[in-house]
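Below: one structure, written as structure tokens.
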Amino acid sequence: MDMNSLFSEAQKLIPGGVNSPVRAFRSVGGTPRFIREAAGSKVIDAEGREYIDYVASWGPMILGHSHPGVVQAIREAAGRGTSYGAPTEIEIEMAKRIVAAFPAIEMVRMMSSGTEATMTAIRLARGYTGREMIIKFTGCYHGHADSLLVKAGSGVATLGIPGSPGIPRRLAELTISLPYNDSASVRDAVRSFGGDLACVIVEPVAGNMGVVPPRPGFLETLREITREKGILLIFDEVITGFRIAYGGWQNLASITPDLTCLGKIIGGGLPVGALGGRREIMEHLAPTGPVYQAGTLSGNPLAMAAGIATLDLLRGKSYSALDKMTETLCSGYRNLFARKGIPVTINRVGSMFTLFFTGEEVTDFASASRSDTERFGRFFQGMLAEGISLAPAQFEAGFTSFAHTDEDISRTLDACGKVLEKL
Ligand SMILES: *Cc1c(COP(=O)(O)O)cnc(C)c1O
């Protein structure tokens, strides 16, 4: 079936034709590509067109698509049954790897999405501290649990909705949203509400307002202030976990959060999430403690097999080589835009990057929002027509993978050169 027929059929049966809003191309216009298959750095759409892929399923596919080692692990696991609702040895194997990779994690609970991990993290923080208020940062996205959908990033930012209907005002009032990278406003909020604050949750490198790195000292200050007041510090490393390094941003920054949320890469492309932290806090979760959390498919054998295969393959990889390739891409983009005199600010951290269509520095959601999203939309469509698949919104991260080659990068830059001629 052609793309337009697929999309109109899908819209009759699925709200907006998609099972997650940002896939719908609302901010860039046109018809979303329905994907038929993918391998390595390429995805192929339902009409047989091939694209070099920088979406990476929004982060998980760091080894590229259909990596033979991961596919093999999933096949073998599937042959032994797809779910038992009972503990398995493979869950211990997964927990061992996460605990070994993160000094701050002594115990970990596996789940089926990043949303479950962050939702459970704030419930655990509230249960552990006996306090109800939380601090998050505007433009950070932590999944779609009620307390966290306040001034959130990603699709929420793209669609321009500050909160969401359906979230009780009285619950939203317990969430304070502050500007990212603004330590002074955190100090002020803690001075006013300190005794009522259960946690501060942050993406240590923001990826959902586009990529925004933490300013030197920002995360260190969060650690210091929260420790002083008995507030838990939660690092949401659902994107950055095993993306920036084997482990997370916390390993590179040498900061010890109380709780860490993981997802995406640790499932190797299958649905997954995980919450880890200090034993003393984690044991507040049921059944050792009173804070309830559960999941029919948690620790699912296929997801564990795909995740473990991914982590074991990543151990042998050079993240610095991936960073270098990504920098080649980003500096190539910078040169092409400069030559055309089109303002752009490219933020890159490791293998995640965003081209913001603004000449100004981007350090928080307010500065990200100054991007020319209309121009981004035209750039996006131009690149798509040239066979390059970017995330279909300005406020998202792009990702390279270990399957991307130098040839992919130079083809991408060639395409960019052509697109800028007409922009
Ligand atoms: C993707 C993401 C989530 C949510 O994970 P899902 O698996 O989509 O529920 C949470 N936090 C961050 C930082 C993310 O990027």
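Treat the numbers as computed from the prediction; the structure is a model and nothing was measured. Numbers here simply count residues along the sequence, with the first being 1. First listed ligand is number 1; within each ligand, the first listed atom is number 1.
Proximity of the aromatic rings of Phe365 and Phe395 is defined here by a centroid distance below 6.0 angstrom, and this criterion is met. Taking the ring centroids of Phe218 and Tyr180, they lie under the 6.0 Å cut-off. Checked against the 6.0 Å centroid threshold, Phe402 and Tyr319 count as a close aromatic pair.
By the 30° and 60° cut-offs, the orientation of the rings of Phe379 relative to Phe357 is tilted.
In this structure, the protein non-hydrogen atom closest to atom 11 (N) of ligand 1 is Asp236 OD2, 2.6 Å. Looking only at protein heavy atoms, the nearest one to atom 5 (O) of ligand 1 is Gly114 CA, 3.2 Å.
Near Ile239, meaning under 4.0 Å from any of its heavy atoms, are these atoms of ligand 1: 15 (O). When each atom of ligand 1 is checked for a heavy atom of Ser113 under 4.0 Å away, the hits are 7 (O), 9 (O). Here is the list of ligand 1 atoms found below 4.0 Å of a heavy atom in Tyr141: 11 (N), 12 (C), 13 (C). Each of the atoms 13 (C) of ligand 1 lies under 4.0 Å from some heavy atom of Glu203.
Using a 4.0 Å cutoff on heavy atoms, Lys264 counts as a contact of ligand 1.
Within a 4.0 Å radius of atom 8 (O) of ligand 1, the protein contributes no non-hydrogen atoms.
A heavy-atom distance below 4.5 Å is not found between the side chains of Val186 and Thr221.
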* Pair Ser367-Asp364, side chain to side chain donor-acceptor pair (under 3.5 Å): steps then yes or no -> CA-CA 6 Å; Ser367 45; Asp364 56 14; 2.7 Å; yes
* Ser147 and Thr175: CA distance, side-chain angles, deciding distance, side chain to side chain donor-acceptor pair (under 3.5 Å) verdict -> CA-CA 6 Å; Ser147 292; Thr175 301; 4.6 Å; no
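For His142, no nitrogen or oxygen atom sits less than 3.5 Å from a nitrogen or oxygen atom of ligand 1, counting backbone and side chain alike. Between Val238 and ligand 1, no pair of N/O atoms sits closer than 3.5 Å. For ligand 1, the polar-atom distance check against Asn208 finds a nitrogen or oxygen pair separated by under 3.5 Å.
In this structure, Arg33 forms no cation-pi arrangement with Tyr51, as its terminal cationic atom is not both closer than 6.0 Å to the ring centre and no more than 45° off the ring axis.
Nearest to atom 10 (C) of ligand 1 by heavy-atom distance, out of Gly143, Ser112, Pro60, is Gly143.
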